[in-house]
Amino acid sequence: MLAALTVLLSAPVQAAPPTIMQQPADVTTAAGQFVTFSVVVAEDDVSYQWQVSTDGLSFATVPGADGSSHTFKPVRVADSGHRYRVVVSKDGETAYSRPATLTLTKAVSIVIVDDLPSGRVYGQTVVIKALVIGTSAPPSGEIAFMDGNTRIGVATFETGSGASLTLTTNQLAAGLHTITAIYSGDADHEPGVSNPVTIDIAKAEQSIYFDTIAPREAVVGQTYAVSAHAIRVSASVPVEVRVESGGICAISNGVVTFLKGGDCMLSAQHPGDANFNASRQAIQTIAVIGDTPTPDFSFSPPSGPLPGAMVGEDYNQPISAVGGTAPLLYSLLSGSLPTGMVLNVSTGTLSGPLDANSQGDYAFTIQVRDNTGATGAASYTLKVGERTVTVPDQQIEVPPGSTPVNVDLTRGATGGPFSAADIISVAPYNAGTASIVRGEFAQAGPVEPLGWYLKFVPDPAFSGRVQVGFRLTSALGSSNTGTVTYVLAHDSAAIAAEIGGLVQDFVQARQGLISSTIKVPGLVDRRSMALSADPITSRLQPTEQGMALGFSTSLARLEAADAGIAVAAAAPFNIWVDGTFLVHQSDASGSQWGSFGMISAGADYLVTDQALIGLSVHFDRMTDPGEDAELSGNGWLAGPYASLELGQGVFWDTSLRYGGSANDIDTRAWDGTFDTRRWMADTAITGQWLLDEVTTLTPKLRAVYLSETAADYTVTNGIGNVIDLSGVTHEQFRVSLGGEIARLYVLEDGMTFLPKLGLTGGFAGLDGSGAFGQLLLGVSVAARQGWSVDTNLLLDIDGNGQRSIGARLGLSGQF
């Protein structure tokens, strides 16, 4: 950065001193930046020099001419405030410029830490260098070296030390470190913080050595003192010596006891820590010689560390030996037990509440003696830590069909008494319901709560492993997350009964829907088709289980509509199509709605005016959802039908059909498929009577029998369990009686108005739903131009309390 001060001067032609004019040129800049002053002189042969106006300081005389300049670099803030001017001389006369003030500020310092070396391990020297960049004036003050937020060293600038400082250290722990340098600043430099650099310190290796040399041979009963150390960077630490050949020898407090003949092998090891890797070294084998063979005792648990204990808590650790001649007696051979812990001489169990001052590491040897005097020993270590809140894991085996007992969550827990218990998780979530309950037991005084219990109610359809996570809380804080694992065996009988019930309800509901919606055209319909001006009719009506939407058409209807005449000759051959769709709901499905659809097609032949025969085929699709399951299926029926006129206005319609279905079972835990075979017989007596010239009554008596047999099938769950279910036959017999009355009104413009009222009642036996009924209110309007509108309102109700309501709308016309 250059700061410039420009002074404008002019000199008169006469010998008088020049008059110097200047623009304001005071300068403020940071120390260490270049400053340039320039002079413009309008007259030749003028000499000038730069001069400091205060404190006796001045620069060397600099001759100049018009447009010359002088550049200098003040480096210290202490130089701030000097006033500079230009001296101009001509013909022995001298003139001075207006003084210019130079103000200096501190330089901005930049501290840089060089890239640190890689491949360092704990204990090796690391050199960290920081550099202050600002002015050419040497920095003063200090630089603090930081490892994250921790200061690891300070270096101070000394005279002549230059602009950089270094820190040498071997105290960086193993792991990743982020190093920065913080400069304190001085009179000429602002404080600054360096860019961070990282260094990864690896763990160091440590070598193990033994303080004593083991003998090559020893005899039974002899003892041997042994110790070992780990050599580290600048020190050595004692390490544990262990017995690798259990039963031959035992060690306690650094003393090895040879128990029986054989090879005794000792090892020294250190588990490692934050800065050193684990290490292990085995020493020579010691041949133990014994004249009298001794029994081979096997301890459980074997020599080694025991589960940790806590001060102030009860401790219980069984220790048992197998071998020798009973009875066996246990004793403490060497070492010491924590205060409060006792050894049961008969069972070998370590138990008792531990004293509050017993925290620490313990090593001891337990000896067992049999009835013959033979002995064996095992050496153990035990760590007694401070009291904390912990809970153990538990596993519960649940027999098929049974409910799990409440689990005491405080059993084996430490850090009580507990003030709260919380459920953390249930996996899988749909296996059942878990809750916390308090257990209360009678004591000498008032009834007091003694524990927290986990209550689990499994889903009857679930089997496998369920893990419930929980946490206890006391005055010491919250525990770790414990797990209660329930192993649930599935109840095949209960699951088979549940799924069998779902299948039965599904088939029975579908049978009712098929019976109420299936239809083939008889003589009454055929004669209506011939008179119809509507090529296609549609209907929206409820059944005893839902709402139905349908359409129908036929060749005869299309021909009659196409003819555009009031009466058309009946064609002997007819092809027809009929479609129905409905939604249904049952008590078992709760608030969920299922669907049912049927497509029917057929062909019939008018043998005489009083006899008709035909063949029909029907395809159905149904879904039935529930709270935890959904069943669906595709089915078909096919067979012949016939319609006869028994007398004037009395018709008999009958049909026989055979078919089957393929169905899917999808529950929360079990899935499968089943197939059915079905046959259906349908017969009805229908009348069509004129009460007068404009009123028609159409009564109908109908009987339907439907039988459907499900073949044997299986269901499986997600873990591969299989349950076999036996097939079953479902039957339904329905009888209904109803009638419809309609009256024709002819309006003045030739339009016809036909209101009608229908009522049907019946009973569904065997596996049916009991009584059912239907109410129909409708009106048909027809114009002379060839179009008509047909509307109906229907209400269904059955003996189970199921209701449905719907509407039917038909529109037809000729164009």
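This chain uses plain numbering: 1 for the first residue, then up along the sequence.
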### Task
Applying ring-ring contact (aromatic ring centres under 6.0 Å, His included), name anything that partners Phe258, two or more places apart in sequence or on another chain.
none
### Query
Which heavy atom of Ala204 sits nearest a heavy atom of Tyr122, and at what distance?
CB-O, 3.6 Å
### Positive for side-chain contact (heavy atoms from CB on, under 4.5 Å) with Ile143, one of Val113, Leu167, Val132, Thr166
Val132
## Note on the structure
Sorted by chain and number, sequence neighbours left out, salt bridge (Lys or Arg N to Asp or Glu O under 4.0 Å) with Asp273 holds for Arg232
#### Entry: Side-chain heavy atoms of Asp263 within contact of Met265, under 4.5 Å
no
### Query
Within a strict 4.5 Å, meaning less than it, do heavy atoms of the Trp452 and Asp408 side chains meet?
no
### Query
What closest approach, in Å, do Cys249 and Val256 show between heavy atoms, and which atom pair accounts for it?
CB-CG1, 3.9 Å
### Summary
For Leu382 and Pro307, the nearest pair of non-hydrogen atoms, with its separation, is CD1-O, 3.2 Å
#### Entry: From Glu158 atom CD to Thr156 atom OG1, the distance as rounded to the nearest 0.5 Å
6.5 Å
### Task
Keeping the roles fixed (side chain from Asp186, backbone from His189), state whether a donor-acceptor pair exists under 3.5 Å.
yes
### Query
Out of curiosity, Leu332 CG to Ser252 OG, how far, rounded to the nearest 0.5 Å?
7.5 Å
### Query
Do Ser379 and Thr365 have side-chain N/O donor and acceptor atoms under 3.5 Å apart?
yes
### Query
Backbone N or O of Ser425 within a donor-acceptor pair of the Tyr429 side chain at under 3.5 Å?
no
### Query
Between the side chain of Ser479 and the main-chain N/O of Leu472, is any donor-acceptor distance below 3.5 Å?
yes
### Task
Please report the C-alpha distance between His229 and Tyr209 in whole Å, then the side-chain angles of each, then the deciding distance to 0.1 Å, and finally whether the side chain to side chain contact (heavy atoms under 4.5 Å, CB included) criterion is met.
CA-CA 6 Å; His229 282 76; Tyr209 73 94; 3.5 Å; yes
### Message
Would Thr483 and Phe470 count as a side chain to side chain contact (heavy atoms under 4.5 Å, CB included) here? Give the steps.
### Response
CA-CA 6 Å; Thr483 301; Phe470 70 96; 5.8 Å; no
### Within 6.0 Å of NZ in Lys129, more than 12 heavy atoms from elsewhere
no
### Summary
When rounded to the nearest 0.5 Å, the distance separating CD of Glu205 from CD1 of Ile231 is 13.5 Å
### Message
Applying salt bridge (Lys or Arg N to Asp or Glu O under 4.0 Å), can you list everything that pairs with Asp314, at least two apart in sequence or on another chain?
### Response
none
### Nearest-0.5 Å distance that lies between atom CZ in Arg471 and atom CG in Leu409
13.0 Å
### Task
Verify side chain to side chain contact (heavy atoms under 4.5 Å, CB included) between Ile152 and Ile128, making sure each step is shown before the conclusion.
CA-CA 11 Å; Ile152 58 175; Ile128 306 171; 4.1 Å; yes
### Query
Would you find a donor on one side and an acceptor on the other, under 3.5 Å apart, between the side chain of Arg120 and the backbone of Thr125?
yes
### Message
So Ile366 and Ile319, do their side chains get closer than 4.5 Å, heavy atoms only?
### Response
yes
### Query
Only one of Val484, Thr485, Val426 clears side-chain contact (heavy atoms from CB on, under 4.5 Å) with Val466; which?
Val426
### Distance-minimising heavy-atom pair for Phe145 and Ala155
CE1-CB, 4.0 Å
### Message
Do Leu116 and Ile179 have side chains that approach each other closer than 4.5 Å (heavy atoms only, starting at C-beta)?
### Response
yes
### Query
Going by the angle between their ring planes, with limits at 30° and 60°, are Tyr380 and Phe364 parallel, tilted or perpendicular?
tilted
### Message
Is any side-chain heavy atom of Leu337 closer than 4.5 Å to one of Leu350?
### Response
yes
### Query
Is there side-chain contact between Ile251 and Thr257, with heavy atoms separated by less than 4.5 Å?
no
### Message
Please report the interatomic distance CE(Met146) to NE2(His177), rounded to the nearest 0.5 Å.
### Response
14.0 Å
### Task
Output every pair passing side chain to side chain donor-acceptor pair (under 3.5 Å) with a member in residues 190-200, not counting sequence neighbours, ordered by first then second residue.
none
### Message
Any non-hydrogen side-chain atom of Phe418 less than 4.5 Å from a side-chain atom of Thr473?
### Response
no
### Query
Taking it one step at a time, do Glu244 and Ser267 satisfy side-chain hydrogen bond (donor to acceptor under 3.5 Å, both in side chains)?
CA-CA 7 Å; Glu244 295 293 330; Ser267 69; 2.5 Å; yes
#### Entry: Test item: Ser164 side-chain N/O and Leu131 main-chain N/O as donor-acceptor pair under 3.5 Å
no
### Summary
Taking every heavy atom of Tyr315 against every heavy atom of Ala309, the minimum-distance pair comes out as CD1-CB, 3.4 Å
### Query
Does the side chain of Pro215 reach to within under 4.5 Å of the side chain of Tyr224, using non-hydrogen atoms?
yes
### Leu176, CG atom: more than 12 neighbouring heavy atoms under 6.0 Å
yes
### Query
Which atom pair, heavy atoms only, marks the closest approach of Gln124 to Gly119?
OE1-O, 3.9 Å
#### Entry: side chain to side chain contact (heavy atoms under 4.5 Å, CB included) evaluation trace for Val239 with Ile208
CA-CA 8 Å; Val239 297; Ile208 305 295; 4.1 Å; yes
### Message
For Lys383, is there an ion pair with Asp361 - N to carboxylate O distance below 4.0 angstrom?
### Response
yes
### Message
Checking Arg242 now: which residues fulfil salt bridge (Lys or Arg N to Asp or Glu O under 4.0 Å) with it, not counting sequence neighbours?
### Response
Glu240
I'd like a table of donor-acceptor pairs (distance under 3.5 Å, sequence neighbours excluded) in which one partner is a side-chain atom from residues 384-391, with atom names and distances.
| from | atom 1 | to | atom 2 | distance (Å) |
| --- | --- | --- | --- | --- |
| Arg387 | NE | Glu313 | OE2 | 2.7 |
| Arg387 | NH2 | Glu313 | OE2 | 3.2 |
| Arg387 | NH2 | Gly416 | O | 2.5 |
| Thr390 | OG1 | Thr414 | OG1 | 2.5 |

### Atom pair CG (Asn277) and NZ (Lys203), whose distance is rounded to the nearest 0.5 Å
6.0 Å
